[in-house]
Amino acid sequence: MAKKSRAKAIYVLNGPNLNLLGTREPDVYGRTTLSDIGDMTAARAQSHGYDVVFSQSNHEGELVEWIHEAREAAAGIIINAGAYTHTSIAIHDALRALSCPIVEVHLSNTFAREEFRHHSYISPVASGVIVGFGANSYLLAVDAVASLIEEAAI
Ligand code: DQA
């Protein structure tokens, strides 16, 4: 049974092209859609007592705005910045300004792919990183962020 909801939500932010999950390179990213991942993530977060704010944008600035919003509204944040992972100093800086736990997540094992995916601007400002477990990466990320939130509250 779901626990009573806590005051602040877990923000789950998704970057460019992740709206195409299910049909985009299914051999790399699987056949689960982003909407399915949203539902799975919300259910897992509920089991820890958290609501989820689940969003996707193809625009860097919009992701930055949501991270700013998360400063006040989020208990923790899970972010798959897609290709912006490898390019965005703006997202790096916005995350730096957060005080809640941050978990970076990727469906694919970025380290087993092209060299340009090996560097992340998110990792240095994340509490931890989960890569390569497909849609299950998001569920592992919810468990991780929930335990970091609990630890911080002790
Ligand atoms: C991704 C990995 C990135 O390199 C890529 O640009 C994506 C998806 C992943 O979840 O595996 O869009 O973040």
Side-chain angles (χ1 to χ4, degrees), residues 8-48 50-71 73-149:
K8 291 187 177 182
I10 294 173
Y11 271 47
V12 184
L13 303 185
N14 296 282
N17 301 309
L18 292 167
N19 53 313
L20 301 180
L21 282 181
T23 54
R24 170 198 185 199
E25 298 184 78
D27 45 319
V28 178
Y29 298 115
R31 295 210 177 264
T32 310
T33 65
L34 192 63
S35 163
D36 291 337
I37 291 176
D39 292 346
M40 289 159 51
T41 304
R44 186 67 148 247
Q46 276 301 325
S47 76
H48 292 285
Y50 293 97
D51 290 331
V52 154
V53 174
F54 193 90
S55 316
Q56 186 276 333
S57 179
N58 295 322
H59 303 278
E60 188 175 22
E62 190 161 31
L63 291 160
V64 168
E65 300 280 5
W66 288 336
I67 296 166
H68 292 176
E69 185 185 301
R71 295 180 73 199
I77 185 165
I78 295 168
I79 183 161
N80 182 353
Y84 288 141
T85 304
H86 317 298
T87 62
S88 181
I89 298 169
I91 292 176
H92 169 103
D93 282 348
L95 290 169
R96 257 195 126 85
L98 285 175
S99 49
C100 66
I102 301 166
V103 175
E104 175 184 357
V105 67
H106 298 284
L107 296 135
S108 64
N109 179 356
T110 47
F111 299 102
R113 300 181 63 196
E114 303 96 321
E115 185 96 32
F116 65 81
R117 297 185 203 276
H118 297 184
H119 176 263
S120 166
Y121 280 99
I122 313 296
S123 301
V125 289
S127 315
V129 185
I130 296 172
V131 292
F133 298 97
N136 200 32
S137 289
Y138 282 77
L139 300 183
L140 296 169
V142 171
D143 293 344
V145 86
S147 76
L148 289 168
I149 297 164

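What you see is a predicted model; the values in this text were computed from it and never measured. Every number for a ligand or one of its atoms is a count from 1 in the order of the listing.
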- request: Taking only heavy atoms of Arg24 into account, list the atoms of ligand 1 that are under 4.0 Å away from them.
  value: 7 (C), 12 (O)
Taking atom 1 (C) of ligand 1 as the reference point, the nearest protein heavy atom with its distance: His106 ND1, 3.7 Å
field: Interatomic distance, Asn19 atom CG to Thr33 atom OG1 [nearest 0.5 angstrom]
entry: 11.0 Å
message: Pair Asn14, Tyr138 - check side chain to side chain donor-acceptor pair (under 3.5 Å), show working.
response: CA-CA 11 Å; Asn14 296 282; Tyr138 282 77; 2.6 Å; yes
message: Against ligand 1, does His118 come closer than 4.0 Å with any heavy atom?
response: no
message: Using a plain distance cutoff, I'd like to know if Val105 has any nitrogen or oxygen under 3.5 Å from a nitrogen or oxygen of ligand 1.
response: no
- prompt: Which ligand 1 atoms are under 4.0 Å away from a heavy-atom of Ala83?
  reply: 6 (O), 12 (O)
message: Would Thr85 count as being in polar contact with ligand 1, using the rule that some N or O on each side must be under 3.5 angstrom apart?
response: no
- request: Check each atom of ligand 1 against the heavy atoms of His86 and keep those under 4.0 Å away; list them by number with element.
  value: 3 (C), 4 (O)
field: Nearest-neighbour protein heavy atom for atom 5 (C) of ligand 1, which is reported as residue plus atom name and distance
entry: Arg117 NH1, 3.3 Å
message: With side chain to side chain donor-acceptor pair (under 3.5 Å) as the criterion, how do Glu60 and Asn58 come out once you've worked through the C-alpha distance, each side chain's angles and the decisive distance to 0.1 Å?
response: CA-CA 7 Å; Glu60 188 175 22; Asn58 295 322; over 6 Å; no
- prompt: Does a donor on one side chain and an acceptor on the other come within less than 3.5 Å for Arg96 and His92?
  reply: yes
query: Has ligand 1 got any nitrogen or oxygen that is less than 3.5 angstrom from a nitrogen or oxygen of Arg113?
result: no
- request: Check His86 against Arg117 and note the closest heavy-atom contact, atom names and distance.
  value: CE1-O, 3.3 Å
- prompt: In Å, rounded to the nearest 0.5 Å, how long is the span from CD1 of Ile149 to NE2 of His48?
  reply: 9.5 Å
field: Residue pair Glu104 / Ser120, side-chain donor-acceptor N/O under 3.5 Å
entry: yes
task: Please state which part of Thr110 comes within less than 4.0 Å of ligand 1, counting heavy atoms only: side chain, backbone, both or neither.
output: side chain
- prompt: At what distance is the nearest protein heavy atom to atom 9 (C) of ligand 1, and which residue and atom is it?
  reply: Leu107 N, 3.4 Å
- request: Pull out every atom of ligand 1 sitting under 4.0 Å from any heavy atom of Ser108, numbered as shown with elements.
  value: 2 (C), 9 (C), 11 (O)
message: At under 4.0 Å between heavy atoms, is it the side chain or the backbone of Asn80 that contacts ligand 1, or both, or neither?
response: side chain
Donor-acceptor pair between Tyr121 and Asp93 side chains, under 3.5 angstrom: no
- prompt: When rounded to the nearest 0.5 angstrom, what is the spacing between CD1 in Ile79 and NE2 in His106?
  reply: 9.0 Å
